[in-house]
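One structure is given here, and the rest of the page talks about it.
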Amino acid sequence: MSDLHEPVLGWYDAHARDLPWRDPSASAWSVTVSEFMLQQTPVARVLPVHAAWLERWPTPAALASEPAGEAVRAWGRLGYPRRALRLHAAAVAITERHGGEVPAGYDDLRALPGIGDYTAAAIAVFAHTRRHAVLDTNVRRVLTRLLGARELPPTAVTVGERARATALLPDEDATAATWSVALMELGALVCTAARPRCGECPVADACAWRLAGYPAYDGPPRRVQTYDGTDRQCRGRLLAVLRDAPGQVSRARLDAAWPGAEQRERCLRSLLEDGLVIRTSENTYALP
DNA sequence: CAGCCGTGGGA
DNA sequence: TTCCCAAGGCT
């Protein structure tokens, strides 16, 4: 038992947020939906959409029985709407290949659309209490500071990071699961990317980064993605028109949503290629 | 594998 | 106001 376990688990017990997908009664499907929605979207914005989603589609089969466009519409403004498409596709696969039950094994989960290393581990651990390292951006930042004496982790997960995270897992499955969610929560609430609250950290005394005097990040520059005027913004505008309309939308309505014709054409084409939009007639479009 | 894929809120 | 994100995945 690492001497980090007790203080971190104790801190989590006292300070963890009461989130619906963490409730003991939460289904594996609820956890799955939350993990898709939380991919790059803050908790506060996920909460209401997650509740509405579970109310409408309490099981994977319920979602799978509806057109993918309904998932895109219900996704609302969470961003990255391809996630809605992938969640719908995952529901279909779960229904067809796993009898409607969210699989518990990492490999089965990893094979589902929209589920990468992080999400497969998260569902296996948080929904099925499996013992597996969960390496999200929060956990990576916490462990990098605590053990690596650096401010931020490298761009991609390294074998060393994974080995350290795995070696640090408590022996018991349930304790390991709580440990993983506790590290995530610590990263989200205390060991934040900017302005870490070391005064509130249960393992500040053991933190290699703090003990080294908080050396500044020295890796490759981390690019800030621009947004205004990009294809992402244009796609967002076009899709918002489709989402907010009950049925089909005329080409003119879409044209009015973005000024640049060339960029608008490119983006509409890419939305069609992604399957987020379908053409319903010569001059009308709709959600799939 | 670096770049692309949305969005709205906090500092 | 402007900047910087926030529980990734895919190609």
Side-chain angles (χ1 to χ4, degrees), chain A residues 12 16-17 19-22 30-50 72 75-87 89-90 109-127 132-143 152-158 165 177 180-189 191-197 217 219-243 257-258 263 266-267 269-271 273-277:
Chain A
Y12 180 75
R17 290 168 293 180
L19 302 174
W21 45 87
R22 286 183 186 162
S30 174
V31 173
T32 300
V33 172
S34 79
E35 292 302 339
F36 271 79
M37 292 182 172
L38 289 165
Q39 292 169 358
Q40 302 285 284
T41 301
V43 168
R45 287 172 50 208
V46 164
L47 284 168
V49 183
H50 177 269
V72 174
W75 195 255
R77 307 188 66 80
L78 289 182
Y80 294 141
R82 293 191 293 189
R83 290 181 293 163
L85 230 40
R86 293 176 187 145
L87 179 51
L109 288 162
R110 185 68 181 75
L112 296 171
I115 296 188
D117 171 65
Y118 161 73
T119 303
I123 296 172
V125 173
F126 303 143
H132 195 288
V134 180
L135 289 171
D136 83 318
T137 186
N138 288 306
V139 173
R140 295 186 64 214
R141 186 176 57 249
V142 169
L143 294 183
L152 298 170
T155 306
V157 176
T158 66
S180 291
V181 72
L183 282 185
M184 288 180 64
E185 193 75 337
L186 190 61
L189 300 182
C191 194
T192 51
R195 301 170 177 270
R197 301 163 174 80
Y217 175 72
R222 303 191 303 163
R223 300 249 183 273
V224 195
Q225 290 189 28
T226 56
Y227 185 61
D228 282 356
T230 61
D231 284 6
R232 277 155 64 224
Q233 185 182 33
C234 179
R235 284 165 54 105
R237 291 277 176 80
L238 296 176
L239 199 59
V241 173
L242 277 298
R243 229 177 21 229
W258 191 263
Q263 184 178 27
R266 178 173 68 248
C267 289
R269 197 178 321 122
S270 73
L271 287 169
E273 285 171 2
D274 287 348
L276 282 164
V277 176

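As the structure is a prediction and not an experimental result, all values here were calculated from the model. Throughout, protein chains are lettered first and strands after them, A, B, ... in sequence-line order, and every chain is numbered starting at 1.
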In whole angstroms, the gap separating C1' of B:dC5 from CD of A:Gln263 amounts to 14 Å
When the distance from CE of A:Met37 to C1' of B:dG8 is rounded to whole Å, what number comes out?
17 Å
Distance check, rounded to the nearest 0.5 Å: A:Arg269 atom CZ versus A:Arg235 atom CZ?
12.0 Å
Given atom CZ of A:Arg243 and atom P of B:dG6, what is their separation to the nearest angstrom?
10 Å
Specify the separation, in whole Å, of atom CZ of A:Arg195 and atom P of C:dC3.
17 Å
Without swapping roles, check the side chain of A:Arg197 against the backbone of A:Thr192 for a donor-acceptor pair under 3.5 Å.
no
Provide the distance between the two C1' atoms, one in C:dG9 and one in B:dG9, to the nearest whole Å.
24 Å
Expressed in angstrom and rounded to an integer, what is the separation of A:Gln233 atom CD from B:dC5 atom C1'?
14 Å
Could you give the distance separating C:dC3 and B:dG6 at their P atoms, to the nearest angstrom?
22 Å
Candidates A:Glu35, A:Arg110, A:Gln39 - the one meeting side-chain hydrogen bond (donor to acceptor under 3.5 Å, both in side chains) with A:Thr119
A:Gln39
Distance check: side-chain N/O of A:Arg235 vs OP1/OP2 of B:dG6, anything under 4.0 Å?
yes
Protein-to-nucleotide contact annotation, 5' to 3' order, nucleotides 5-11 of chain C [B base; S sugar-phosphate only; - none; under 4.0 Å, heavy atom]
SBBBBS-
Please check: side-chain N/O of A:Arg232 versus main-chain N/O of A:Thr226, any donor-acceptor pairing under 3.5 Å?
yes
Write down the distance separating the C1' atoms in B:dC5 and B:dC1, rounded off to the nearest Å.
16 Å
Closest heavy-atom contact between A:Gln225 and A:Tyr80?
OE1-OH, 4.5 Å
For A:Arg243 and A:Val72, indicate whether the former's side chain and the latter's backbone hold a donor-acceptor pair under 3.5 Å.
no
How is A:Leu78 classified with respect to the nucleic acid when contacts are heavy atoms under 4.0 Å: base, sugar-phosphate, or nothing?
base
Could you work out the separation of C:dT11 and B:dT7 based on their C1' atoms and round it to a whole Å?
23 Å
A:Leu47 CG to B:dG9 C1', straight-line distance once rounded to whole Å
15 Å
To the nearest Å, how far apart are A:Phe36 CZ and B:dC5 C1'?
15 Å
Does CZ in A:Arg17 sit with more than 12 non-hydrogen atoms of other residues, nucleotides or ligands closer than 6.0 Å?
yes
Check every strand shown and say whether A:Asp231 touches a base, only sugar-phosphate, or nothing at a heavy-atom separation below 4.0 Å.
sugar-phosphate
